[in-house]
Amino acid sequence: MSPTENPPLSAYRRREQSITLSPLQEQLDEAHGEGSTQELLTLNFGPHHPATHGVLRLLVTLQGEVVRDLKPIVGYVHTGIEKTAEDKAYWKVIPIVERMDYLSYYFNAMAYIGAVEALLEVEVPTRAQYLRVIHLELNRIASHLIWLGTSALDLGATSIFLYCLRERELILDLFEMSSGARMHTRYFQVGGVIEDIPAGFARKLREFLKVMPERAGEYGAILNANEIVLQRLRGTCPLDAQTLLGLGVTGPLLRAAGNPWDLRKAAPYSSYEHFEFKIPVGTVGDNYDRFAVRLAEIYESVKIVEQALDGLPEGPHITTDRKVALPPRHELATSMEALIHHFKLVTEGFRVPPGEMYYPIESPRGELGCYVRSDGSSKPARVHMRDPSFVNLQALAPMCRGNYIADMIATTAMLDPILGGIDR
């Protein structure tokens, strides 16, 4: 899809410009001879937290202020989540996987639950699917707000960070209403969601949907009027779509380079095929396009949530299969069968037929996939996540070679890496 077809992204288009990948590299090679190792300095960036969007260590080879080479070193917050999941009943894994990419907890849960539901062949009620879409897209907006605020901080624009946190608080208020928790909500369950939305949720959600596009427009107006921000983003560290595909990069980074791949369109899940929305794409694939694509995605997520809320069907919010889902609490005092199902699920969990499944979804950072292998017991034999931050981090070095240190900091921000998901 052309960016001119998307109103949000077209608002941030700029004049086409010819971009050389690393003009500084050519100048240095000419001055010192190609392949010269004179005056090279190897420097550690990190692993302190505030400057690297997580506990990330970058081993950077510099020639003056120009990055000659870069090697990401990860593993400082390794939590062993995948192995821990293999020692838990299926339904007890949900709060564990939510804490990997800690800004995309609904997406972590969705990928895992989707794989388990596919193995169980459980039919998820349409109302539950719509409720999942509402919370997924709200979570996408919240994640993009944290990315935009922290990236603006790296560029010296401190006010934007406070504005983004202001809108994110409105989203967390909604999560607290529906689940009782602001983060790591455990709202998604195998077969649906744990509770239907409470009274007043729809009204408060509509208030948010009304204000969010206006606030996103303000972010864009402020940053696009800031000459320093524009000079830091325009034409810096571009990378073409073919190289990104070769590295396995997905999500906004790939779409910024002109490839419209989005799993919500390419392989719809959880009723995404019911909604109309556009896929913002860039043209050059530089840091400005990465910024513009994510900002445009906020508008599209608002549209999806509006459609899901308007078309929210009646019906159950979770499967009626009592061997998978807990029975309603009011039945426990009157139904012995309900009490038995409740006892068995809480103490042992449900059993999943032997098999294996990979379930991919479109997270705020790209393709998030969960592989689950079952041996027929009540615990998964293997759980493995394909985290997009881990895969996308490969692109940082080819993006930054031959560019200034300052461009490396901005590019790390535009990569939007979450180290909790990378290390796991």
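Just so we're clear, the structure is a prediction, and the values are computed from it rather than from any experiment. Note: hydrogens, waters and symmetry copies are ignored here, and every other heavy atom, side chains too, is used.
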- What do the steps show when you test Asp87 against Lys92 for salt bridge (charged side-chain N to carboxylate O under 4.0 Å, His left out), and what is the final call? CA-CA 10 Å; Asp87 195 43; Lys92 291 183 180 179; over 6 Å; no
- Item | Minimum-distance pair of heavy atoms, taken over all atoms of Leu295 and Gly220 | CD2-CA, 3.8 Å
- CD of Glu82 to CE of Met100: how many Å apart, nearest 0.5 Å? 7.0 Å
- Sub-6.0 Å ring centroid separation between His384 and Phe390: no
- Task: Would you please classify the geometry between the Tyr130 ring and the Phe275 ring as parallel, tilted or perpendicular, with 30° and 60° separating the classes?
- Result: perpendicular
- Under 3.5 Å, is there a donor-acceptor pair between the side chain of Glu362 and the main chain of Leu263? yes
- Message: Classify the ring geometry of Tyr187 against Tyr106: parallel below 30°, tilted from 30° to 60°, perpendicular beyond 60°.
- Response: perpendicular
- What pair of heavy atoms forms the shortest contact from Leu233 to Thr236, and how long is it? O-OG1, 3.0 Å
- Message: Between Arg365 and Ser143, do the side chains contain a donor N or O and an acceptor N or O under 3.5 Å apart?
- Response: yes
- Task: Over 60° means perpendicular and under 30° means parallel, so classify the ring planes of His135 and Phe201, tilted if in between.
- Result: parallel
- Note on the structure: Given the options Asn287, Asp286, Asn403, Thr411 meets side-chain hydrogen bond (donor to acceptor under 3.5 Å, both in side chains) only with Asn287
- Task: Using a strict cut-off of less than 4.0 Å between a Lys/Arg side-chain nitrogen and an Asp/Glu carboxylate oxygen, indicate whether Arg382 and Glu86 qualify as a salt bridge.
- Result: yes
- So, for Ala128 and His317, which heavy atoms are closest and what is the spacing to 0.1 Å? CB-O, 3.2 Å
- Message: Whether the side chain of Ser179 engages the backbone of Glu176 through a donor-acceptor N/O pair (distance < 3.5 Å, no angle test) should be reported.
- Response: no
- Task: Would you mind telling me which of Lys204, Lys210, Arg203 makes a salt bridge (Lys or Arg N to Asp or Glu O under 4.0 Å) with Glu207?
- Result: Arg203
- Query: Would you call Lys303-Glu137 a salt bridge at under 4.0 Å N-O?
  - Reply: no
- Message: For Val190 versus Ile113, what's the shortest heavy-atom pair and its separation?
- Response: CA-CG2, 3.9 Å
- Six-ring centre of Tyr163, Arg215 cation under 6.0 angstrom, axis tolerance 45°: no
- Between Arg127 and Glu314, the two heavy atoms sitting closest are NH1-CA, 4.1 Å
- Are Arg264 and Glu297 within salt-bridge range, i.e. N to O under 4.0 Å? no
- Item | Heavy-atom closest contact (Ala397 atom, Leu70 atom, distance) | CB-O, 3.5 Å
- Backbone N/O of Arg401 and side chain of Asp69: donor-acceptor pair under 3.5 Å: no
- Under the side chain to side chain donor-acceptor pair (under 3.5 Å) criterion, do Arg99 and Thr79 qualify, and how do the steps go? CA-CA 10 Å; Arg99 285 159 172 78; Thr79 50; over 6 Å; no
